[in-house]
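Worksheet for the structure shown next.
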Amino acid sequence: MRSTHEMMCNHLLFQQQRTFIQMRTSLKVVDNSGAKRVACIQALKGKKGARLGDTIVCSVKEAQPGGKVKKGEVHYGVVVRAAMPRGRCDGSEVKFDDNAVVLINKHGEPIGTRVFGPVPHELRKKKHVKILSLAEHIA
């Protein structure tokens, strides 16, 4: 019979550690700009990496044929879903199953015209109201 301490340690070993979005992190694109997957080149805010609502520089790794963006192009993106937990002011935490991004241009406007999946309302504080207005579901 195992002790509860051993079972807890084993459970923590098998859980994946959720960290910041940093260089070479692969992210899903959740708009209709034509890109499917991007890789983070640089997080524009902090030293450690990007969190929910932060802007990153990313390179398109997979793209749909006939889309607005092509494979190999470099664009800015806003992190709209992150697997790393983010605390809210009411004491709850928000975290998602995947890391997702919406591609934006130099002026901060989204390249696509639709945003798929849930988007957290924390983007309002980061001045990304246009992305919130395009989203189909706000979490």
Side-chain angles (χ1 to χ4, degrees):
M1 196 73 162
R2 286 190 202 179
S3 69
T4 48
H5 178 70
E6 285 178 358
M7 289 171 51
M8 189 64 149
C9 288
N10 277 344
H11 181 68
L12 291 174
L13 285 174
F14 291 115
Q15 269 188 335
Q16 186 179 1
Q17 180 66 32
R18 303 296 185 178
T19 59
F20 290 92
I21 292 167
Q22 55 196 358
M23 186 190 290
R24 297 192 63 179
T25 301
S26 180
L27 299 108
K28 183 179 178 183
V29 180
V30 291
D31 61 9
N32 61 347
S33 61
K36 291 181 183 176
R37 294 207 72 81
V38 295
C40 176
I41 296 174
Q42 184 182 18
L44 293 180
K45 187 181 174 197
K47 284 185 177 178
K48 288 185 177 179
R51 298 184 78 175
L52 209 56
D54 289 346
T55 304
I56 62 170
V57 180
C58 51
S59 169
V60 178
K61 294 298 179 189
E62 289 180 38
Q64 296 172 343
K68 294 178 186 173
V69 298
K70 305 287 182 266
K71 181 181 174 182
E73 291 182 353
V74 176
H75 290 279
Y76 291 101
V78 175
V79 179
V80 293
R81 292 203 293 264
M84 183 178 181
R86 172 87 182 234
R88 287 187 168 168
C89 48
D90 63 351
S92 63
E93 277 188 344
V94 60
K95 69 177 180 178
F96 295 94
D97 293 333
D98 60 346
N99 295 321
V101 71
V102 171
L103 297 181
I104 58 174
N105 60 14
K106 293 176 187 172
H107 309 293
E109 299 157 353
I111 294 174
T113 56
R114 295 177 67 198
V115 176
F116 306 109
V119 173
H121 68 264
E122 278 87 357
L123 294 181
R124 191 176 308 278
K125 294 177 193 165
K126 304 268 186 166
K127 308 286 191 265
H128 298 296
V129 184
K130 181 73 174 169
I131 294 173
L132 280 172
S133 65
L134 296 174
E136 57 186 23
H137 179 68
I138 297 173

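Not measured: the values here are computed from a predicted model. Side chains included, hydrogens not; waters and symmetry mates left out as well; all remaining heavy atoms used.
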If we ignore hydrogens and angles and just use 3.5 Å, is the side chain of [X] paired with the main-chain N or O of [Y] as donor and acceptor?
X     : Y      : result
Asp98 : Ala100 : no
Arg51 : Met84  : no
Asp31 : Leu103 : yes
Lys68 : Ile111 : yes

In this structure, would [X] and [Y] fall into the same cluster of hydrophobic residues linked by side-chain contacts under 4.5 Å?
X      : Y      : answer
Tyr76  : Val74  : yes
Leu27  : Phe116 : no
Val80  : Val57  : yes
Leu44  : Phe20  : no
Val119 : Val30  : yes

Glu73 and its side-chain hydrogen bond (donor to acceptor under 3.5 Å, both in side chains) partner, picked from His75, Lys71, Lys70 =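 The side-chain hydrogen bond (donor to acceptor under 3.5 Å, both in side chains) with Glu73 is passed solely by His75 among His75, Lys71, Lys70.
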pair [X]-[Y]: side-chain heavy atoms closer than 4.5 Å:
X     : Y      : value
Lys36 : Val60  : no
Asn32 : Val115 : no
Arg81 : Pro118 : yes
Glu93 : Arg88  : no
Arg37 : Ser26  : yes

[X] to [Y] - nearest heavy-atom pair and separation:
X      : Y     : answer
Pro120 : Leu52 : CG-CD2, 3.6 Å
Lys95  : Pro85 : CB-CA, 3.7 Å
Ala50  : Ile56 : CB-CG2, 3.5 Å
Ala82  : Ile21 : CB-CD1, 4.3 Å

State the [atom1]-[atom2] distance between [X] and [Y], to the nearest 0.5 angstrom.
X     : Y      : atom1 : atom2 : answer
Gln64 : Ser33  : CD    : OG    : 8.0 Å
Cys40 : Arg24  : SG    : CZ    : 11.5 Å
Cys89 : Lys125 : SG    : NZ    : 4.5 Å

With a 3.5 Å cut-off and no angle check, do the side chains of Asn99 and Thr25 form a donor-acceptor pair?
->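 Result is no, nothing qualifies.
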Ile41 and Met23: CA distance, side-chain angles, deciding distance, side chain to side chain contact (heavy atoms under 4.5 Å, CB included) verdict = CA-CA 5 Å; Ile41 296 174; Met23 186 190 290; 5.9 Å; no
Residues Val38, Lys28; criterion side chain to side chain contact (heavy atoms under 4.5 Å, CB included); working and verdict = CA-CA 7 Å; Val38 295; Lys28 183 179 178 183; over 6 Å; no
List the atom pairs, with distances to 0.1 Å, where a side-chain N or O of residues 131-139 and a protein N or O form a donor-acceptor pair under 3.5 Å, not counting sequence neighbours.
from: Ser133; atom 1: OG; to: Lys130; atom 2: O; distance (Å): 2.7
from: Glu136; atom 1: OE2; to: Gly117; atom 2: N; distance (Å): 3.1

Residue pair Val102, Val29: steps toward the side chain to side chain contact (heavy atoms under 4.5 Å, CB included) verdict | CA-CA 6 Å; Val102 171; Val29 180; over 6 Å; no
Asp54/Lys126 salt bridge by N-O under 4.0 Å criterion =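 A salt bridge is present here (some side-chain N lies under 4.0 Å from a carboxylate O).
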More than 12 heavy atoms of other residues, nucleotides or ligands under 6.0 Å from CG of Asp97: is that the case?
->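 Counting other residues, nucleotides and ligands, CG of Asp97 stays at 12 neighbours or fewer.
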